[in-house]
There are 2 protein chains.
Amino acid sequence: MDFTSGTATYPAPAAGHLDFTGACAPSHDNPASQCANCPVKVRCLTSGTTEWETVHFARLALGRRRARKGQAVYRVGDRFLFVYAVRFGSFKSTIVLPDGREQVVAFHLPGDVVGLDATATGAHPTTLTALENAEICAIPYSQLSDVSAESRTLREHLVRIAGSELVRDHKLLALIAHSHAEERVAAFLVQLSERMQERGYSPREFNLRMTRADIGSYLGTTLETVSRTLSAFARRGIVSVERRRIQVLDMDALRAARAYA
Amino acid sequence: MDFTSGTATYPAPAAGHLDFTGACAPSHDNPASQCANCPVKVRCLTSGTTEWETVHFARLALGRRRARKGQAVYRVGDRFLFVYAVRFGSFKSTIVLPDGREQVVAFHLPGDVVGLDATATGAHPTTLTALENAEICAIPYSQLSDVSAESRTLREHLVRIAGSELVRDHKLLALIAHSHAEERVAAFLVQLSERMQERGYSPREFNLRMTRADIGSYLGTTLETVSRTLSAFARRGIVSVERRRIQVLDMDALRAARAYA
DNA sequence: CGTCCGTTTGAATGTGTTCAATGGAAGTGG
DNA sequence: CCACTTCCATTGAACACATTCAAACGGACG
């Protein structure tokens with residue numbers, strides 16, 4: 001994680017997007033220019049579209065929104081109007097259990113497109129909460145649907161985003177259903193490490209932006225178990241844990257510990 | 001389940017579709033007539049489309065396929081060419097764990113549309129296996145994408161199908177992550193009961209078409225625990241269990257036992 | 001400077017797993 | 001058509017793992 005501080009040691013994306021307090025207009029920019037400069041465009045909706053298609057895409061009335069740590073972009077039950085793309089910062093998606101507790105179902109990093117699950121009912125089934133100060137791009141879904149009529153790439157990309165989420169959910173399901181706490185935490189760290197690397201950050205050193213409770217909820221255990229497991233990994237020299245700062249000392253051992261893809 | 005035998009006691013769909021050995025052509029029917037007569041069309045892709053859109057939909061080269069109990073329609077890694085709609089019978093979707101074991105991620109009933117998760121990579125991430133003799137409709141995805149360019153309803157329906165799956169997965173995730181075995185089994189039975197009712201069958205009496213091992217895998221527990229839990233419910237008079245035949249004797253108690261939506 | 005939140009660690013408890021054996025149903029092949 | 005085989009389900013007992021309850025520590029923030 002750690003998308004706001006400048007701790008990336010790997011070839012980081014142009015540092016401009018880290019400027020949380022920057023002077024960019026907060027909403028309804030021209031999407032063509034907005035997307036052209038967006039550091040995460042390769043992961044976003046426009047990925048793979050031709051120039052011709054980008055013209056159509058430019059018709060979208062995109063809006064940027066900032067979210068402070070702990071703030072919700074949308075909540076369970078909110079009317080579905082926008083799909084969102086993370087520009088920088090990180091988020092968690094949670095559902096509300098019948099007893100009122102929260103269950104984390106996903107963590108989102110820059111470039112992730114979020115909210116398509118709301119197409120099921122027209123209302124958001126999840127709450128999207130910022131884990132740190134962050135910025136997100138709001139894309140009107142009805143307009144997106146219009147534009148996708150004229151672009152096969154975009155049309156299929158929309159379904160592919162949902163499909164990718166399904167694949168991830170199934171892997172998570174398998175992880176929770178058939179592995180022990182240690183394997184879950186290892187898998188979580190490896191997954192995070194890989195996602196960091198994909199975004200140009202170090203896969204071996206990063207900050208967790210979520211609490212132990214969030215991780216525990218996501219992995220189907222308790223915060224105590226997460227804490228104990230991290231300590232155990234540290235004791236064995238696999239990682240170094242210092243509050244939320246994680247250093248992977250032995251990636252092979254970590255991968256071996258997860259026993260899951 | 002029990003979609004092949006004639007045990008439905010509720011207003012059942014026209015019995016014609018139960019004719020597994022019927023004389024219907026095995027593939028490449030005219031979709032217009034095929035869909036018009038399909039007993040599950042209200043749940044399928046054409047749901048909500050106007051007559052005008054149905055004309056476009058008729059361009060699709062649909063193909064029917066039969067699957068015997070235990071046969072796979074597609075396997076992990078197979079190239080993604082078709083989306084499938086269950087006509088009758090039931091299926092399970094499984095992923096393969098690194099150690100070779102199988103993990104059930106979904107059960108499918110008539111009208112369910114399956115396979116969109118393959119859009120993520122162009123290859124199927126799951127194996128689709130028939131739990132009984134069944135029939136399924138194969139829809140070429142590229143053609144579907146073409147047609148959806150001209151129908152907003154179909155376009156959004158495609159995304160909605162994936163979105164609905166996401167919502168179900170998240171609920172399953174929460175169930176496995178934060179509840180005990182008894183609640184999981186109760187939730188499974190209630191969910192199945194509701195899906196039976198939606199399809200015009202009795203919500204209080206049905207056959208499980210999957211093994212205890214399948215249920216256990218799906219619920220993140222073992223077959224022994226499933227068996228024990230069912231026995232416990234039977235002992236308390238909540239259900240009657242006779243091999244795979246389930247009778248819900250006290251639906252309120254069953255709903256209360258799950259403590260989950 | 002004080003409070004609160006998040007994290008770590010300990011100890012006891014309980015739930016589900018694992019290993020094992022049995023019984024029965026269904027399907028196969030002679 | 002019967003016998004055999006195989007798969008599926010049930011139940012028991014010992015064990016292991018994670019949860020729960022509890023306390024203490026440290027950092028962050030007002």
Side-chain angles (χ1 to χ4, degrees), chain A residues 1 4-5 68-70 92 99 101-104 129 131-133 175-186 188 207-236 239-246 257 259, chain B residues 1-2 4-5 68-71 92 99 101-104 129 131-133 175-186 188-189 207-235 239-246 257 259:
Chain A
M1 315 263 130
T4 49
S5 66
R68 309 185 78 84
K69 180 177 175 178
K92 65 175 174 182
D99 61 10
R101 284 181 309 174
E102 272 192 350
Q103 153 81 17
V104 177
T129 309
L131 294 173
E132 59 191 310
N133 292 342
L175 186 72
I176 294 182
H178 292 288
S179 72
H180 287 186
E182 206 164 270
E183 303 173 295
R184 298 185 201 182
V185 175
F188 171 75
N207 275 351
L208 304 174
R209 309 305 301 198
M210 66 292 285
T211 67
R212 301 287 192 266
D214 284 336
I215 300 173
S217 171
Y218 180 70
L219 295 177
T221 64
T222 60
L223 67 97
E224 291 96 331
T225 299
V226 172
S227 178
R228 268 186 258 270
T229 306
L230 287 175
S231 299
F233 284 159
R235 221 173 296 125
R236 284 186 245 160
V239 299
S240 150
V241 181
E242 195 183 333
R243 197 160 173 75
R244 299 220 180 153
R245 179 135 215 96
I246 301 287
Chain B
M1 312 264 142
D2 203 3
T4 49
S5 65
R68 308 185 78 85
K69 180 177 175 177
Q71 277 187 338
K92 65 175 174 182
D99 60 9
R101 285 181 310 174
E102 273 193 348
Q103 154 81 17
V104 177
T129 309
L131 294 172
E132 60 191 309
N133 292 341
L175 186 72
I176 294 181
H178 291 290
S179 71
H180 287 187
E182 204 164 90
E183 303 173 294
R184 298 185 202 181
V185 175
F188 171 74
L189 292 177
N207 274 353
L208 303 175
R209 308 304 303 198
M210 66 294 283
T211 67
R212 300 286 193 267
D214 285 337
I215 300 173
S217 172
Y218 179 70
L219 295 177
T221 173
T222 61
L223 67 95
E224 291 96 331
T225 299
V226 172
S227 179
R228 269 187 258 269
T229 306
L230 287 175
S231 299
F233 284 159
R235 219 173 298 124
V239 299
S240 151
V241 181
E242 196 183 331
R243 196 159 174 75
R244 298 218 181 155
R245 178 135 216 96
I246 301 288

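Chain A is the first sequence line, chain B the second, and so forth, proteins listed ahead of strands; every chain is numbered from 1.
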**Student:** Any donor-acceptor pair under 3.5 Å linking the side chain of A:Ser217 with the backbone of A:Ala213?
**Tutor:** no
**Student:** Whole-Å distance between C:dA25 C1' and B:Arg212 CZ?
**Tutor:** 13 Å
**Student:** Looking only at heavy atoms, which two atoms of B:Ile176 and B:Tyr218 are closest? And how far apart?
**Tutor:** CD1-O, 3.4 Å
**Student:** Calculate the interatomic distance between B:Leu230 atom CG and D:dT11 atom P; express it in whole Å.
**Tutor:**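 Between P of D:dT11 and CG of B:Leu230: 10 Å.
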**Student:** Output the rounded distance in Å from CD (B:Glu132) to P (C:dG27).
**Tutor:** 13 Å
**Student:** Using a 3.5 Å cut-off and no angle test, enumerate the donor-acceptor pairs between side-chain atoms of residues 227-235 of chain A and protein atoms at least two apart in sequence or in another chain.
**Tutor:**
| residue | atom | partner | partner atom | Å |
| --- | --- | --- | --- | --- |
| A:Thr229 | OG1 | A:Thr225 | O | 2.7 |
| A:Ser231 | OG | A:Ser227 | O | 3.0 |

**Student:** Between C:dA26 atom P and B:Glu242 atom CD, what is the distance in whole Å?
**Tutor:**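 My rounded result for the distance is 11 Å.
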**Student:** Starting from C1' on D:dC7, measure out to CG on B:Leu131 and report it in whole angstrom.
**Tutor:** 16 Å
**Student:** How close or far is atom P of C:dC5 from atom CZ of A:Arg209, stated in whole angstroms?
**Tutor:** 19 Å
**Student:** Using side-chain contact (heavy atoms from CB on, under 4.5 Å) as the criterion, point out the one residue from A:Thr221, A:Ile215, A:Val226 that pairs with A:Arg184.
**Tutor:**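 Of all the options given, the one that passes is A:Thr221.
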**Student:** Just to be sure I understand the rule, does B:Leu223 reach a base, reach only the sugar-phosphate, or reach nothing, if contact means heavy atoms closer than 4.0 Å?
**Tutor:**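 Here B:Leu223 touches the bases of the nucleic acid.
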**Student:** With A:Leu219 as reference, evaluate A:Val185, A:Val104, A:Asp214 under the side-chain contact (heavy atoms from CB on, under 4.5 Å) test and give the passing residue.
**Tutor:**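 Answer after filtering A:Val185, A:Val104, A:Asp214: A:Val185.
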**Student:** Counting only side-chain nitrogens and oxygens, does B:Ser227 get under 4.0 Å of the OP1 or OP2 atom of D:dT11?
**Tutor:**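 For D:dT11, neither OP1 nor OP2 has a side-chain N or O of B:Ser227 closer than 4.0 Å.
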**Student:** Please confirm whether the backbone N or O of B:Arg209 pairs with a side-chain atom of B:Arg244, one donor and one acceptor, at under 3.5 Å?
**Tutor:** yes
**Student:** Restricting both atoms to N or O, compile the protein contacts to nucleotides 16-26 of chain D shorter than 3.5 Å, with distance only.
**Tutor:**
| residue | atom | partner | partner atom | Å |
| --- | --- | --- | --- | --- |
| D:dA18 | OP1 | A:Ala181 | N | 2.7 |
| D:dT19 | OP2 | A:Thr222 | OG1 | 3.3 |
| D:dT19 | OP2 | A:Thr225 | OG1 | 2.4 |
| D:dT20 | O4 | A:Arg228 | NH2 | 2.9 |
| D:dC21 | N4 | A:Glu224 | OE2 | 3.4 |

